[in-house]
Every structure is written in structure tokens, then in C-alpha cells.
Amino acid sequence: MKRTFPWDEQVDASSESDESSSDTEMEDSNGCDTKPTIDITISNIARDILSEDLLIRRAALYQDYMKQIPIPSHRGSIIPFRSWMGLGKSIKQLYCQPLHYLTNTLLKQWDQLRMGSESEHMPLDNIIHPCKAEASIWLIEEVHRQTTSHLHVAKQWQEDPMHHAFVDSVFPMLEGSS
């Protein structure tokens, strides 16, 4: 005589929301009294935890890498610029260095602050001297590289699905590496 095992039967694990309370008992198709079940996919929870852990590890590697890049001590030349993002792009090209994710997002915010002002369409280098603007960016860059927590970076990346757009792909040769 063959005996059936409970795991051989197909069971519907989803719960439909109805007006009855979750404390009331329901009857399944076999006539057995059961409590309603909640459809939680363990694999989705595990995947979210793993992806968050992966994001934190990537942010830690990114922050460690950015800490190793020295801030240029000698400025090459006066850089003309129309916007903060434009100045940031010119700095990256001139010094062959990436700017920190937080610096890039700050430059974008500064450009957005100009929208609607009377000087919005003026080149920014007519308002702020290029040397002061470049020095300001390098000062902020140093703060971001040396003092930012990788956990903060990971949180920012998690909140911004397009964070890759502000992570530079320019990677200079570090001193002592071959």
C-alpha cells in the first residue's frame, strides 16, 4: 500500500486579501481548516540582502580607491567654463583624474541652483573666477575622498538608480602600482 506524503501534493501558498480578518480560519479545497499564509518569497529577500551587501562592498572598494588618488598640487592653467558640470568635465580631462561621485552630484546641484536666476545664461567664469572655482572643486573633492563613509556612498547609490552616471570611469595610474 502506497502512502502519500504531504509534500507530494500541490499547495497554494498565496493569500488573497478579503474582508475577513487574518485571525479567522479558512477552509482549503480538502476541507481542512488552515490559517491563511503570506506569500513571501525567501529568494527575493535573500537577493535584496545580497545586493545590498554587494553594493556596500562596491562602495567600500570605490571609497578606498578614491582615497589613494592624490589631489593635484600644481594647477595647469585657467579653465574657461560655462557651468559647474562643464568645469568638472574639463578638470577630469586636464588632470586625467576621476571626481568623486558626491562631487559630481554636488556640481549637478549647483548647476540646478542657477536655473531661473538672472545670471542663468551667463558663462559661470564671468561670475566666479576660474581659479577660485577650480580650487573650490578640489577642496570639496579632497573632503569627499578622505572623509566620506563607504556606507554613506552605498546609501546614496541605493537611493539613486542612475548613480552610474556620476561615477567616473577615468582611472589614473596610482603611485606604486604597475
Side-chain angles (χ1 to χ4, degrees), residues 39-178:
D39 185 18
I40 298 177
T41 308
I42 300 299
S43 64
N44 285 347
I45 294 171
R47 186 178 65 231
D48 290 346
I49 291 170
L50 286 174
S51 66
E52 185 176 331
D53 184 48
L54 181 63
L55 194 62
I56 289 171
R57 285 186 287 169
R58 282 183 43 226
L61 289 172
Y62 174 77
Q63 191 62 30
D64 287 344
Y65 176 76
M66 292 302 287
K67 278 183 183 179
Q68 295 177 32
I69 304 171
I71 301 291
S73 56
H74 302 290
R75 305 303 191 296
S77 61
I78 294 178
I79 305 170
F81 62 102
R82 297 189 59 78
S83 66
W84 288 107
M85 293 282 291
L87 178 58
K89 183 177 178 182
S90 295
I91 286 174
K92 293 173 209 178
Q93 291 173 347
L94 183 65
Y95 297 101
C96 298
Q97 282 200 12
L99 289 179
H100 196 279
Y101 165 78
L102 295 174
T103 304
N104 284 323
T105 57
L106 184 62
L107 296 178
K108 178 185 172 194
Q109 289 173 358
W110 285 354
D111 279 341
Q112 290 172 342
L113 291 174
R114 293 186 65 205
M115 292 181 187
S117 72
E118 53 192 52
S119 63
E120 176 182 6
H121 299 291
M122 283 180 66
L124 200 53
D125 60 1
N126 288 348
I127 302 167
I128 299 171
H129 193 278
C131 292
K132 287 182 181 179
E134 183 182 350
S136 298
I137 290 177
W138 283 121
L139 177 63
I140 290 165
E141 180 67 14
E142 186 171 21
V143 169
H144 287 152
R145 287 182 186 181
Q146 298 302 321
T147 66
T148 301
S149 163
H150 69 281
L151 297 174
H152 178 73
V153 173
K155 182 182 175 196
Q156 295 296 311
W157 286 354
Q158 191 173 27
E159 292 172 0
D160 181 8
M162 296 299 294
H163 70 272
H164 296 290
F166 296 101
V167 176
D168 293 332
S169 59
V170 181
F171 296 107
M173 290 299 288
L174 298 175
E175 294 175 10
S177 63
S178 46

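- Listed for the E142 side chain is no donor-acceptor partner under 3.5 Å among the backbone atoms of I71.
- The NE2 atom of H152 sits 12.5 Å away from the NE2 atom of H150 when rounded to the nearest 0.5 Å.
- Two residues are said to be in side-chain contact when any heavy atoms from C-beta on lie closer than 4.5 Å; L99 and L107 meet this criterion.
- Defined by atom type and a distance below 3.5 Å, a donor-acceptor pair is missing between the side-chain atoms of Q63 and Y101.
- No donor-acceptor pair closer than 3.5 Å links the side chain of R145 to the backbone N or O of H100.
- In this structure, the separation between CD on Q93 and CD1 on I79 is 9.5 Å, given to the nearest 0.5 Å.
- Not counting sequence neighbours, the partners of N126 by the side chain to side chain contact (heavy atoms under 4.5 Å, CB included) test are M122, P123.
- Of the possible donor and acceptor atoms, one in the side chain of E120 sits under 3.5 Å from a partner among the backbone N and O of G116.
- The side-chain hydrogen bond (donor to acceptor under 3.5 Å, both in side chains) contacts involving residues 102-116 comprise K92-N104, T103-E141, T103-H144, N104-D168, where partners must be two or more places apart or lie in separate chains.
- With sequence neighbours excluded, the residues that form a side chain to side chain contact (heavy atoms under 4.5 Å, CB included) with P80 are D125.
- For H129, the side chain to side chain contact (heavy atoms under 4.5 Å, CB included) partners at least two apart in sequence or on another chain are I78, C131, K132.
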Review item, side-chain donor-acceptor pairs of residues 81-90, under 3.5 Å, at least two apart:
unit_1 : atom_1 : unit_2 : atom_2 : d
R82    : NH2    : H121   : O      : 3.4
S83    : OG     : G86    : N      : 3.0
S90    : OG     : G86    : O      : 3.1

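- In terms of the side chain to side chain contact (heavy atoms under 4.5 Å, CB included) criterion, E118 has no residue partners (sequence neighbours excluded).
- Looking at K155 and S149, their side chains never come closer than 4.5 Å, going by heavy atoms from C-beta outward.
- The shortest distance between side-chain heavy atoms of R58 and L55 falls below 4.5 Å.
- With Q97 contributing its side chain and P70 its backbone, the two residues share a donor-acceptor pair below 3.5 Å.
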Kindly determine whether Y62 and R57 satisfy side chain to side chain contact (heavy atoms under 4.5 Å, CB included), including the steps that lead there.
CA-CA 9 Å; Y62 174 77; R57 285 186 287 169; over 6 Å; no
